[in-house]
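We number each residue from 1, following the sequence as shown. As the structure lists them, so they are numbered: ligands from 1, and atoms in each ligand from 1. Only a predicted model underlies this, so the values are computations on that prediction, with no experimental measurement involved.
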Amino acid sequence: MTYKWQRKGMNIDHELDQYFSIDHPGQSYEGQLHGPEALYTSYKDLIKIYSDLDFKKGVFVDLGSGNCRASLLFKCINPRIDVISIDWNYEVISKARSAGKIIGIQSSKFIHGDLNEIDIPNADAYFLYQSTDELLYRIMEKLKNHHPYKLYAIESHGDLIPKLKNDFSWLKECNVISQSSSQRYDPMIYRFSSRPFSSFSQEILNINKGMHLNFFHELLLELRWHKEYVALIEEEDHCWLASTYLVQSGLVAQTYEFRYPHRIVSAGKIKKLFKNPPELKTFIKERFEIHSKIRKIILAPHIQIEYIDRGRIHLK
Ligand SMILES: C[S@@+](CC[C@H](N)C(=O)[O-])C[C@H]1O[C@@H](n2cnc3c(N)ncnc32)[C@H](O)[C@@H]1O
């Protein structure tokens, strides 16, 4: 479909932002001021996403909506669609609320909130153009039980699409729907479909009570929400324990970024997953504290605790 405004030579993003009165120099994001071209999805790409939707009356949620272009555009094209925008930046949300009023979008459809904290509404489709890190895992954890839905995604920093492909077992089928009209790290626009979530870990943990589980990717990522499990990492001359809590895939394929302690570890070095050994529980617990000085907890050849300021101390 071609829209009237798809004329050559027009900066459609600027013109439509002005038309909706949501134009501004950009927004501070991750500590830096970014211009609209970097921060927001072009209306041209949003049209591609809209055209791909397999519903015209359902709910679309923009997860980190910025100036809420998707909401305003989709609603102008199709008044029956329900678009919910969520962003923690009050300025962009309040501007979009004023713009939405003119087109007839209720103010409650523009949610000012932190995606880490709030419940995410059920939807037929979600949109994610967002940095990865912990926020991605928290968002996806909330979407885990929202099946069925589609998730549209545009790469942000180079690891969003690989993580969506690998780290969330409740996403299946990744399709490229089109090429983005903006310069992006990965030039494609992706559509994922959900599948019902079924836990890998629950059955395994029940069977052997969490003792010596064979490592596999999906299990490690499920255990990222638990403080009471560790991974056994084998180096050439020693073995040590990393807590599974908040582990993520690393930027390089076949690596993991552990948080406790903060280390990038290649998958080949992870030998087992198991419950915190009782004799080391206090040290493992202490390592979660913000100012903890405990770094590595070494299991073999001798049990040792490695401190930031004191080096390795033997435990009897
Ligand atoms: C790259 S922009 C994408 C904006 C919009 N989805 C688009 O594509 O045009 C990401 C947005 O996510 C918002 N954001 C980042 N972290 C957030 C959080 N924890 N809760 C809510 N919004 C967040 C930022 O304020 C920013 O507006």
Checklist entry - Does an N or O anywhere in Q130 fall below 3.5 Å from an N or O of ligand 1? => result yes
Checklist entry - Is there a nitrogen or oxygen of D62 sitting under 3.5 Å from a nitrogen or oxygen of ligand 1? => result yes
Checklist entry - What pair of heavy atoms forms the shortest contact from F20 to I103, and how long is it? => result CE2-CD1, 3.8 Å
Item to check | Any N/O pair F127/ligand 1 closer than 3.5 Å | outcome: no
Checklist entry - Do ligand 1 and T41 have nitrogen or oxygen atoms that lie under 3.5 Å from each other? => result yes
Next on the checklist: To check you understand the geometry: which heavy-atom pair defines the closest contact between I294 and Y307, and what is its length?
Outcome noted: CG1-CE2, 3.6 Å
Checklist entry - Relative to the heavy atoms of N116, which atoms of ligand 1 are at a distance of less than 4.0 Å? => result 19 (N)
Checklist entry - Can a donor-acceptor pair be found between the side chains of N89 and D87 at a distance below 3.5 Å? => result no
Checklist entry - So, are K57 and D124 salt-bridged, with charged N and O less than 4.0 Å apart? => result no
Item to check | For ligand 1, the portion of L135 having any non-hydrogen atom under 4.0 Å away | outcome: side chain
Item to check | For Y129, the ligand 1 atoms whose distance to one of its heavy atoms is below 4.0 Å | outcome: 1 (C), 2 (S), 3 (C), 8 (O), 10 (C)
Item to check | Residue G113 vicinity, atoms of ligand 1 by number, heavy atom under 4.0 Å | outcome: 20 (N), 21 (C)
Next on the checklist: So does L143 get a backbone contact from the side chain of Y149, meaning a donor-acceptor N/O pair under 3.5 Å?
Outcome noted: yes
Checklist entry - Are Y50 and F74 an aromatic pair by the rule of ring centers under 6.0 Å? => result yes
Checklist entry - Going by the atom numbers of ligand 1, which of them fall below 4.0 Å from some non-hydrogen atom of D114? => result 18 (C), 19 (N), 20 (N)
Checklist entry - Does any N/O atom on N67 come nearer than 3.5 Å to any N/O atom on ligand 1? => result no
Next on the checklist: Taking only non-hydrogen atoms of R69, do any sit less than 4.0 angstrom from ligand 1?
Outcome noted: no
Next on the checklist: Between E222 and S199, does the side-chain hydrogen bond (donor to acceptor under 3.5 Å, both in side chains) criterion hold? Intermediate values first, please.
Outcome noted: CA-CA 8 Å; E222 276 193 35; S199 170; 2.9 Å; yes
Next on the checklist: For Y260 and F288, I'd like to know if the aromatic rings sit close, meaning centre-to-centre distance below 6.0 Å.
Outcome noted: yes
Checklist entry - Of all the atoms in ligand 1, which lie at a distance below 4.0 Å from a heavy atom belonging to L115? => result 18 (C), 19 (N), 20 (N), 21 (C), 22 (N)
Next on the checklist: With heavy-atom distances below 4.0 Å as the criterion, list the atoms of ligand 1 near G66.
Outcome noted: 4 (C), 27 (O)
Checklist entry - Under the side-chain hydrogen bond (donor to acceptor under 3.5 Å, both in side chains) criterion, do S249 and N166 qualify, and how do the steps go? => result CA-CA 8 Å; S249 284; N166 292 323; 5.9 Å; no
